[in-house]
Amino acid sequence: MAEGVTEAVLSQIRESQLLVADYTRADGAVPFVAGFALGLGIPVVSTCRVDQAVDLRAGDRRSQDMLRWERPEDLAAGLAARIVATLGRGPTKAKAGTGHGGG
């Protein structure tokens with residue numbers, strides 16, 4: 001197991017619907033937990049700030065799907081879009097008194 005990855009972290013990953021793996025100044029734990037999540041069938045959104053080098057092997061799918069960001073606002077917008085694209089918008093709130101969503 002990668003240094004710094006505890007059983008509690010692995011347990012939280014098992015309960016997750018999606019994992020965000022930020023490779024900005026990443027240590028060995030980031031690719032470990034990303035691979036762990038992928039092995040469980042949990043989608044992974046890989047991110048990295050544009051001014052940081054990312055050491056991924058040629059052909060590594062994460063390098064093609066990497067969400068590159070410059071400002072925190074870029075990261076927030078990119079993550080929001082990627083999460084919706086991956087998981088959908090989620091359930092709609094029911095209108096008051098109707099017991100169901102929709103119009």
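Starting from 1, each residue takes its place in the sequence as its number.
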Checklist entry - Taking only residues two or more places apart in sequence or in another chain, which ones pass side chain to side chain contact (heavy atoms under 4.5 Å, CB included) with Ala26? => result Tyr23, Val30
Item to check | Thr86: partners by side-chain hydrogen bond (donor to acceptor under 3.5 Å, both in side chains), with sequence neighbours left out | outcome: none
Next on the checklist: Under the rule for side-chain hydrogen bond (donor to acceptor under 3.5 Å, both in side chains), what residues qualify as partners of Arg71, not counting sequence neighbours?
Outcome noted: Glu73, Asp74
Item to check | Audit row: Val45, Leu19, side chain to side chain contact (heavy atoms under 4.5 Å, CB included) steps and yes/no | outcome: CA-CA 6 Å; Val45 177; Leu19 178 89; over 6 Å; no
Checklist entry - Do you reckon Leu18 sits in the same ILVMFWY cluster as Leu75, going by side-chain contacts under 4.5 Å, direct or chained? => result yes
Checklist entry - Should Val84 and Val20 be counted in the same cluster of Ile, Leu, Val, Met, Phe, Trp and Tyr side chains packed under 4.5 Å apart? => result no
Next on the checklist: Donor-acceptor pair, distance only, cut-off 3.5 Å: does the side chain of Thr6 make one with the backbone of Val9?
Outcome noted: yes
Checklist outcome for this item: Residue pairs meeting salt bridge (charged side-chain N to carboxylate O under 4.0 Å, His left out), one or both in residues 32-42, sequence neighbours left out, come to none
Next on the checklist: Show me the pairs that pass salt bridge (charged side-chain N to carboxylate O under 4.0 Å, His left out) and involve residues 33-50, at least two apart or across chains.
Outcome noted: Arg49-Asp51
Over all heavy atoms of both residues, which pair between [X] and [Y] is shortest? Give the atoms and the distance, please.
X     : Y     : answer
Gln52 : Arg68 : O-NH2, 3.0 Å
Pro43 : Gln17 : CD-O, 3.2 Å
Gly78 : Leu67 : C-CD2, 3.5 Å

Identify each donor-acceptor pair in which a side-chain atom of residues 31-41 lies under 3.5 Å from a protein atom, sequence neighbours left out, and give them as a table.
none

Next on the checklist: Are the side chains of Thr47 and Trp69 in contact, using a 4.5 Å heavy-atom criterion?
Outcome noted: yes
Checklist entry - Would you say the side chain of Ile42 lies within less than 4.5 Å of the side chain of Ile13, judging by non-hydrogen atoms? => result yes
